[in-house]
Asks: 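Following this message is one structure expressed as structure tokens.
Count residues from 1 along the sequence.
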Amino acid sequence: MSLWIYIFDLCGTAVFALSGALAAGKHRMDPFGVIVLASVTAIGGGSIRDALIGATPVFWIRDPNYIIVILATVLACLVLVRKPHKLPALTLPVADAFGLALFTVIGAEKALLMGLSGMIAVVMGLITGVGGGIIRDLLCRQVPMVLRTEIYATASIVGGICYTLSLAVGMDSMTSMFIAMISTLIIRLSAIRWHLSLPAFDLKTKRI
């Protein structure tokens, strides 16, 4: 893993840890609950990815810097954000959108480094991007964001496809990462701003 990709990975870890910590604050969890929710949000998707592609021990066991970043983020959140319920409503979804964009690219990149196909790389990018959020939402007793009609997983899939296609046509890694992250962010932030959603699958039966 190049230095820039490693830095992006740590940044994504911090962003998703912040997302988990803010969600814990909204649900009035104690400091231990904040650490747990921040941790599963930040490293949950990557752990599932590494287990699936056989990259064991998983990344945060081999490199404790990820745990240090999570703990530092939680500490900063506990000290600086005293009243999470008074934060702007868009703080959590926007932080989550940046984490989604970063982790989608990181997940796809790691799959490609393992010699897997572009299609599998897109799937691994999706799992890395949404896995932690699914665990976070389940622990908060909410329907996971990825399963709601609002566009979320679609943004990750498009970002993963942009990344793999950019590399396939000969673009360098940094340019491909930039294109993929911007694509994911534009779609996700547009969905947040204008409440864009996919059609719901509705099987309500008609009354006779």
Side-chain angles (χ1 to χ4, degrees), residues 4-5 7-20 22-23 26 40-46 48-49 52 87-112 116-138 140 142-202:
W4 278 110
I5 294 176
I7 292 174
F8 277 132
D9 205 7
L10 291 177
C11 289
T13 300
V15 171
F16 261 171
L18 175 62
S19 172
L22 292 176
K26 289 180 62 177
V40 299
T41 308
I43 61 178
I48 296 172
R49 174 204 64 214
L52 288 174
L87 287 173
L90 291 178
T91 302
L92 179 56
V94 169
D96 192 84
F98 277 90
L100 178 69
L102 286 165
F103 272 17
T104 293
V105 174
I106 296 301
E109 168 70 10
K110 188 157 189 177
L112 292 175
L116 301 174
S117 68
M119 181 180 296
I120 300 302
V122 172
V123 174
M124 290 301 112
L126 174 63
I127 290 174
T128 308
V130 307
I134 290 176
I135 301 172
R136 176 199 63 209
D137 291 345
L138 290 175
C140 291
Q142 294 179 333
V143 177
M145 194 180 298
V146 68
L147 299 181
R148 303 174 206 166
T149 54
E150 187 174 301
I151 294 175
Y152 187 81
T154 305
S156 177
I157 293 171
V158 170
I161 291 174
C162 287
Y163 183 64
T164 54
L165 287 180
S166 296
L167 290 175
V169 299
M171 292 185 182
D172 61 89
S173 180
M174 287 302 300
T175 302
S176 300
M177 289 181 70
F178 181 77
I179 291 173
M181 287 191 288
I182 291 299
S183 301
T184 305
L185 270 178
I186 288 175
I187 295 173
R188 181 63 192 131
L189 293 178
S190 297
I192 294 171
R193 173 63 179 82
W194 290 290
H195 305 287
L196 305 178
S197 61
L198 298 175
F201 183 53
D202 190 352

Asks: Just how far is it from atom CG of L198 to atom OH of Y152, taken to the nearest 0.5 Å?
Replies: 14.0 Å
Asks: Testing the basics here: between S176 and M171, what is the closest heavy-atom pair and its distance to 0.1 Å?
Replies: OG-CB, 3.6 Å
Asks: Determine the minimum heavy-atom distance between G20 and T41, stating which atoms define it.
Replies: CA-OG1, 3.5 Å
Asks: For Y163 and A180, work out which heavy atoms get closest and say how close.
Replies: CB-CB, 3.6 Å
Asks: Within this structure, what is the SG-CZ distance for the pair C11 and F103, rounded to the nearest 0.5 Å?
Replies: 10.0 Å
Asks: Taking atom CH2 of W4 and atom CE of M174, what is their separation to the nearest 0.5 Å?
Replies: 6.0 Å
Asks: Can you establish whether the number of heavy atoms outside M119 located under 6.0 Å from its atom CE is more than 12?
Replies: no
Asks: Do any N or O atoms from the side chain of D137 and from the backbone of M145 form a donor-acceptor pair under 3.5 angstrom?
Replies: yes
Asks: Do I5 and M177 have side-chain heavy atoms sitting under 4.5 Å apart?
Replies: yes
Asks: Kindly give the heavy-atom pair with the smallest separation between I161 and V122, and that separation in Å.
Replies: N-CG2, 3.8 Å
Asks: So, do S166 and T175 sit near enough that their side-chain heavy atoms are less than 4.5 Å apart?
Replies: no
Asks: Do V158 and T184 come within less than 4.5 Å of each other through their side chains, counting heavy atoms only?
Replies: no
Asks: What distance separates L18 CG from T13 OG1, expressed to the nearest 0.5 Å?
Replies: 12.5 Å
Asks: In this structure, which one of T128, I43, I127 forms a side chain to side chain contact (heavy atoms under 4.5 Å, CB included) with I48?
Replies: I127
Asks: Please identify each residue that fulfils side chain to side chain donor-acceptor pair (under 3.5 Å) with R188, with sequence neighbours left out.
Replies: E150
Asks: Once you round to the nearest 0.5 Å, how far does CD1 of I157 lie from SG of C162?
Replies: 12.0 Å
Asks: Any idea which heavy atoms bring S117 and L112 closest together, and the distance?
Replies: O-CD2, 4.2 Å
Asks: How far does CD1 of I106 sit from CG of L10, to the nearest 0.5 angstrom?
Replies: 9.0 Å
Asks: So, for R136 and S19, which heavy atoms are closest and what is the spacing to 0.1 Å?
Replies: NH1-OG, 2.7 Å
